[in-house]
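Written below as structure tokens is the structure these notes are about.
Note on naming: letters A, B, ... go to the chains in the order of the sequence lines (proteins, then strands), and numbering restarts at 1 for each one.
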Amino acid sequence: MFDIKSIRDNPAVFDAGLKRRGLEPLSAKLLVLDEARRAHVTKLQEAQARRNAASKEIGRAKGAKDEATAARLMAEVASLKDFLTSGEKTEKAETAKLDAALADIPNLPRDEVPDGADEKANVEVRRFGDPKAVPAAALNKPKQHFEIGEALDMMDFESAAKVSGARFVFLKGQLARLERALGQFMLDIHTEEFGYTEVNPPLLVRDDAAYGTGNLPKFEADLFFVQSFPLESGELDQLVAEAGFPRDQPLKEQLRFVMGVAKANRRTLIPTAEVSLTNLVREQILDEDALPKRFTACTPCFRSEAGSAGRDTRGMIRQHQFTKVELVSVTTPEKSLEEHERMTACAENILKRLGLPFRTMLLCTGDMGFASQKTYDIEVWLPGQDAYREISSCSVCGDFQARRMGARYRPKGSKDVKFVHTLNGSALAVGRTLVAVLENYQQADGSVMIPEALRPYMGNKDRIAKAQ
RNA sequence: GGAUGGGUGGCCGAGUGGUUUAUGGCACCGGUCUUGAAAACCGGCGUGCUCGCAAGGGUACCGGGGGUUCGAAUCCCUCCCCAUCCGCCA
């Protein structure tokens, strides 16, 4: 969310930032809304000032038993009433209009972010490990993870399709345990070595929270929602009568109406723990001493993957439900860039310990998420795909989310309050880490070696093999 | 699901229609005192918007929205949220 004042002060800079994101200039349009609103507010406030002054005099006049003066003033205030009533409504409407326009604008890239339209313009900043040195490199044709998992009889997409539909999976036996082990392993490192506080957060959140991180209102289609439907028997008939249920309209319209009613009672299934964790500081004014705050959580994430039909349809790469260990930091503006590097290093550290080759990419302007100012993606080597694939994304959001959430802090020795900076990163996406372990550690006989660091979490076994 | 009680500034908490600008305390900031600190004392101290070069002024906000009134934290309606008890329940 942008501060309209900063756009007013520097429209050219704002539009230039949008352009780097591949968007048309918006400042002119926004400033028209802003101008109209301010002109109106000024007029309204003058009328309110007159009303308040007169009302005070009325109080004094009545106290002095001067009924004639009181009556005259009352008549004067009454004449303002129409404008005051309508004017307050207009102000609300104009503010809402401006806010709605601002809420859909993505964060602007920092200067050091490379320009570009898509992932082809991302810039590699470093690399770790050698794809030719992993166990799978010894094989003629390394298999993809779903081939390995299905052959082990521990990864079942067919049953998942029957039970839940496409883009779900059953993990069984040692692979179910491997998923659990990975989550534990990552959490232990982040809490014990990197100072993150482990959190077990709500998976269902209010719209306000999803708005705070930037998932709403623009990306509603990417989310899943749950609710207990608010209507009891008879209430629907009442709604039809009062609000005009569009019964004679196409089904789509009827559905839209019902969804509108339902929206009031819904909860969002978190698409990432970033939503729950970042909103931990919403609507607060923190002491600077309390910063940075560092949270981590291992949670299921839910994404509708609308618009990604046909992409990564096989296997576990792109699922409606997956597990992820998330890192969130809340810092001062001065420390946020440094924290971004630190966070990315925490994520990379997991891959290093698992012996998985990766490269770290600085995303270009066209590939960054909505709330981000600057993002590093970490891409892990997948021998079965013969490619690097995203396994982590670490973003610094500046005050973009903080404004949406009302998350502020009081700088030491200052009376002013400022917005905090927020950061989030995956460390790591557990499902994809499992994929990477399978593909990199696969053996010719179809079994999978367990990386050393993970063995304590796997009953000290050294490999996953098909049950006899 | 039923019943009751609540939602006031960073925190705690008073305030049932005006004649003061929302008590008071804590925390915080400045000062006096002190070698320094603490204590004590004095002063300051909510957030947003808006007008103004500035100093400063205006306005809104006491969970959200609507209403009554010349005037609402206070009265009415409605919604949301929180807490407690009962019921059900992993």
Polar pairs (N or O, both sides) under 3.5 Å between protein and nucleotides 61-67 of chain B?
residue: G66(B); atom: OP2; partner: Lys92(A); partner atom: NZ; Å: 3.4

>> So that I can tick it off, tell me whether Glu305(A) and Arg167(A) are bridged by a salt bridge, with the cut-off set at under 4.0 angstrom between side-chain N and carboxylate O.
In response: no
>> Would you measure the distance from the P atom in G52(B) across to the matching atom in C33(B) and give it in whole Å?
In response: 44 Å
> Any salt bridge between Glu24(A) and Lys29(A), counting N to O under 4.0 Å?
Replying inline: no
>> One character per nucleotide, please: for nucleotides 49-55 of chain B, 5' to 3', B when the base has a protein heavy atom closer than 4.0 Å, S when only the sugar-phosphate does, - otherwise.
In response: BSS----
>> Give me the distance, rounded to whole Å, that separates C41(B) from G56(B) when you measure between the P atoms they each carry.
In response: 29 Å
> Over how many whole Å does the gap from Ile285(A) atom CD1 to U47(B) atom C1' extend?
Replying inline: 7 Å
> Can you find a pair of side-chain heavy atoms, one from Thr213(A) and one from Gln401(A), that are under 4.5 Å apart?
Replying inline: yes
>> In this structure, how many angstroms lie between the C1' atom of G9(B) and the CD atom of Glu283(A), rounded?
In response: 15 Å
>> The test is side-chain hydrogen bond (donor to acceptor under 3.5 Å, both in side chains); show your working for Glu198(A) and Thr191(A) and say whether it passes.
In response: CA-CA 6 Å; Glu198(A) 181 172 350; Thr191(A) 55; 4.9 Å; no
> Under the side-chain hydrogen bond (donor to acceptor under 3.5 Å, both in side chains) criterion, do Ser336(A) and His421(A) qualify, and how do the steps go?
Replying inline: CA-CA 6 Å; Ser336(A) 62; His421(A) 277 200; 2.9 Å; yes
>> Roughly how many Å apart are G6(B) and G13(B), using the C1' atom of each and rounding to a whole number?
In response: 14 Å
>> If I take atom OH in residue Tyr409(A) and atom C1' in nucleotide C28(B), what distance separates them, rounded to the nearest angstrom?
In response: 16 Å
>> Taking the basic N atoms (NZ, or NE/NH1/NH2) and the acidic carboxylate oxygens, is any pair closer than 4.0 Å for Glu274(A) and Lys324(A)?
In response: no
> Atom CG of Leu286(A) to atom P of C11(B): distance rounded to whole Å?
Replying inline: 11 Å
> Pairs in or reaching into residues 168-196 of chain A: which pass salt bridge (Lys or Arg N to Asp or Glu O under 4.0 Å), with residues at least two apart or in two chains?
Replying inline: Asp156(A)-Lys172(A), Glu193(A)-Arg353(A)
>> In whole Å, measure the gap between the P atoms of C26(B) and G65(B) for me.
In response: 34 Å
>> Whole angstroms only, please: what is the CG-C1' distance between Asp207(A) and C80(B)?
In response: 13 Å
> Given C82(B), is OP1 or OP2 found less than 4.0 Å from the side-chain N or O atoms of Arg206(A)?
Replying inline: yes
> So what does Ala49(A) touch, heavy atoms closer than 4.0 Å: a base, only the sugar-phosphate, or nothing?
Replying inline: sugar-phosphate
>> My understanding is that only residues two or more places apart in sequence, or in another chain, count here; which of them pass salt bridge (Lys or Arg N to Asp or Glu O under 4.0 Å) with Glu390(A)?
In response: none
Grab the N/O contacts between the protein and nucleotides 71-74 of chain B below 3.5 Å, and write none if there aren't any.
residue: G71(B); atom: O4'; partner: Ser55(A); partner atom: OG; Å: 3.3

> Heavy-atom count around Glu334(A) CD within 6.0 Å, excluding the residue itself: above 12?
Replying inline: yes
> Can you tell me how far P in G31(B) sits from the matching atom in U8(B), rounded to whole Å?
Replying inline: 34 Å
>> For C61(B), give the paired nucleotide (Watson-Crick: N1-N3 plus N6-O4 or O6-N4; G-U: N1-O2 and O6-N3; both under 3.5 Å), or none.
In response: G46(B)
> So what's C53(B) paired with, Watson-Crick or G-U wobble, going by both distances under 3.5 Å?
Replying inline: none
> For atom P, what is the distance between A73(B) and G7(B), given to the nearest Å?
Replying inline: 15 Å
>> Could you tell me how far A22(B) sits from A60(B) if I compare only their C1' atoms? Round to whole Å.
In response: 14 Å
>> Return the pairing partner of C70(B) with a 3.5 Å limit on both distances, Watson-Crick or G-U wobble; otherwise return none.
In response: G18(B)
> Who does A38(B) pair with, Watson-Crick or G-U, both distances under 3.5 Å?
Replying inline: none
> Roughly how many Å is it from NZ in Lys418(A) to C1' in G48(B), rounded to a whole number?
Replying inline: 18 Å
> Of Gln284(A) and Met74(A), whose closest RNA chain B nucleotide lies nearer the 5' terminus?
Replying inline: Gln284(A)
>> side-chain hydrogen bond (donor to acceptor under 3.5 Å, both in side chains) for Glu339(A) and Thr331(A)? Distances and angles first, verdict last.
In response: CA-CA 8 Å; Glu339(A) 183 74 11; Thr331(A) 74; over 6 Å; no
>> Can you check the distance between G87(B) and A3(B), where both ends of the measurement are the P atom (answer in whole Å)?
In response: 15 Å
>> If the condition is salt bridge (Lys or Arg N to Asp or Glu O under 4.0 Å), which residues does Glu341(A) pass it with, not counting sequence neighbours?
In response: Lys374(A)
> What is the base-pairing partner of A3(B), counting Watson-Crick and G-U wobble geometry with both distances under 3.5 Å?
Replying inline: U84(B)
> Over how many whole Å does the gap from Arg410(A) atom CZ to C29(B) atom C1' extend?
Replying inline: 10 Å
> Taking 4.0 angstrom as the limit, do Lys466(A) and Asp153(A) come out as a salt bridge?
Replying inline: no
> For the pair made of CZ in Arg408(A) and P in G46(B), what is the distance, rounded to whole Å?
Replying inline: 14 Å
> Thinking salt bridges, do Asp104(A) and Lys218(A) make one under a 4.0 Å N-O criterion?
Replying inline: no
